[in-house]
Number of protein chains: 2
Amino acid sequence: MNETPDVNTKDALLAAAIEVFADKGFDAATVRDICGRAKANVAAVNYHFGGKDALYVAVLEEIFPKDEHPQIAKDPDLSPQERLHNYLSDLTSEIYERGNGMVTQRWAIFLREMAKPSQNLDFIVKRQVQPRTDELRNILTEILGPDVPGAVLAFSSSNIWALVLDHLLTQPIIDRLTPQRPSVRGNIDDFVDHIVKFSLGGLSAVKENT
Amino acid sequence: MNETPDVNTKDALLAAAIEVFADKGFDAATVRDICGRAKANVAAVNYHFGGKDALYVAVLEEIFPKDEHPQIAKDPDLSPQERLHNYLSDLTSEIYERGNGMVTQRWAIFLREMAKPSQNLDFIVKRQVQPRTDELRNILTEILGPDVPGAVLAFSSSNIWALVLDHLLTQPIIDRLTPQRPSVRGNIDDFVDHIVKFSLGGLSAVKENT
DNA sequence: AGTTTGTTCAAACAGTTGTTTGAATTTTTA
DNA sequence: TAAAAATTCAAACAACTGTTTGAACAAACT
């Protein structure tokens, strides 16, 4: 009757599902694995969530909360260059810095959805990507000026996102290619300084001759 | 003695496997689907290749041939900036231009392996990525000068790769975010010009203060 | 011819998947 | 306390997976 009969197993299932989905991906994840880690019965997923798909949706709702409004770099006192620095610093540290928390798992799931999009990618884009790209777009409009062609603005915005997301995707390749290369994690500041420099240089280059 | 009018079932299986693996990924691909498209019996994969895994290896050998040596931009008469332009132009058009051929399927499989690495990623990196990154590294060494720190060179190399690979990964997001944006395919030259400008600007920016 | 070798095929096998069942158990309600 | 509702659980289900089997067929060689 009450809506909080046994929160324990349901929460345990959700936590285990976040782990497994981030680690294996939706297809490779099995409900038996999830229930095993949650110390619950195999039928628990269907009882509490209604099925594997619904559990995945619940996971997405959990790790992409609605009320999250970053807009960190909106301080009007800062120059757009400084705001870009703050923007890239915050985004980078969120992706790479915190190792075992929920934040990195969220980006792992995001990466999986990009490589093999499902219907749920719409949800993730609306919750996670849309507000961040809007903010970047504002910063870039100030840097490039109001007369910049829309294509240049769109390309540049994608370029800067690509610089940040790069390691998320190419980490396994870098491990195989140049294992001696220092990892981003632990050198976040160096990495951020580099991509800020690279971005500002690239932006002024595409601004010059338009 | 060769080229019988009847289609070789082994070749048909290989062709169908390339399609299915590129479209669904290794896990989601089924041998029944592959054999169905090849109009072959379910047991044909095991008879001709020995199993699904061995078929995947055969597909990788097929779409990542050994004798492929790009080194297009090695002309010593060109400036490193021009060589970078040629390098990015060739790489971009190979990834995005030819729509239905084998080349794009190769990059689709590459993307899948990056998002969920398997043992075969070593093979792909050695065959596909290694020679191209070596070439880029040479170009960047000339542009940045011999005294550039190794970390800056490594970061910059990754950055430029990220600019090219960007759309491969974010295409499904862009479709959901800004559908009005002109696609890269069809505007390859504009895209290449943009990332060349952006790259050169970024490179001189990271070169300045080191 | 006959024999051998290579290839196809329908059927079945063994394993895993998500899901359902129905009875046992716990918790809540009256 | 007793009835009722909510939750757990072992077992089974149906569908799908890659793989194997053994007979049928085809081609090549002696």
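Within every chain, numbering begins at 1; the chains are lettered A, B, ... in the order of the sequence lines, protein sequences first and strands thereafter. Remember, it's a predicted structure, so these values are computed and weren't measured experimentally.
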Measure the distance from CG on A:Asp27 to C1' on D:dT17 and round it to the nearest whole Å.
13 Å
Carefully, step by step, assess A:Leu84 and A:Leu136 under the rule side-chain contact (heavy atoms from CB on, under 4.5 Å).
CA-CA 8 Å; A:Leu84 180 65; A:Leu136 178 59; 3.8 Å; yes
Which part of the nucleic acid, if any, lies within reach of B:Ala54 when heavy atoms closer than 4.0 Å are counted: base, sugar-phosphate only, or nothing?
nothing
Does anything in residues 151-177 of chain B form a salt bridge (charged side-chain N to carboxylate O under 4.0 Å, His left out)? List the pairs, not counting sequence neighbours.
A:Asp122-B:Arg176
Determine all donor-acceptor pairs shorter than 3.5 Å in which one atom belongs to a side chain in residues 37-44 of chain A; sequence neighbours excluded.
unit_1	atom_1	unit_2	atom_2	d
A:Arg37	NE	A:Asp33	OD1	3.3
A:Arg37	NH1	A:Glu19	OE1	2.8
A:Asn41	OD1	A:Ala43	N	2.9

Looking only at the side chain of B:Thr30 (C-beta and beyond, no hydrogens), which of the listed nucleotides C:dG18, D:dT8, D:dG18 gets closest?
D:dG18
Expressed in angstrom and rounded to an integer, what is the separation of B:Phe49 atom CZ from D:dT19 atom C1'?
16 Å
Would you say a side-chain N or O of A:His48 is under 4.0 Å from OP1 or OP2 of D:dA6?
no
Salt bridge (charged side-chain N to carboxylate O under 4.0 Å, His left out) partners of residues 42-61 of chain B, not counting sequence neighbours, each pair once
B:Glu61-B:Arg127
Produce the list of close N/O pairs, under 3.5 Å, pairing protein atoms with atoms of nucleotides 10-12 of chain D; give distances to one decimal.
unit_1	atom_1	unit_2	atom_2	d
D:dA10	N7	A:Asn41	ND2	3.3

Provide, to the nearest angstrom, the distance between the CG atom belonging to B:Asn46 and the P atom belonging to C:dG6.
18 Å
Quick one: A:Lys52 NZ to C:dG18 C1', roughly how many Å, whole number?
8 Å
In whole angstrom, give the distance that lies between atom CG of A:Asp33 and atom P of C:dT16.
13 Å
Between CG of B:Leu13 and P of D:dT19 the distance, given in whole Å, is 13 Å
A:Thr9 side-chain N/O to D:dT8 phosphate OP1/OP2 under 4.0 Å:
yes
Testing C:dT8, C:dT19, D:dA6 for proximity to the side chain of B:Tyr47, the answer is C:dT8
Atom CD1 of A:Ile34 to atom P of C:dG18: distance rounded to whole Å?
8 Å
A:His167: what forms a ring pair (Phe, Tyr, Trp, His ring centres under 6.0 Å) with it, not counting sequence neighbours?
A:Phe191
Any side-chain heavy-atom pair of B:Trp107 and B:Glu94 under 4.5 Å
yes
A:Phe64: what forms a ring pair (Phe, Tyr, Trp, His ring centres under 6.0 Å) with it, not counting sequence neighbours?
none
Rounded to whole Å, how long is the line connecting atom CG of B:Asn8 with atom C1' of D:dA27?
15 Å
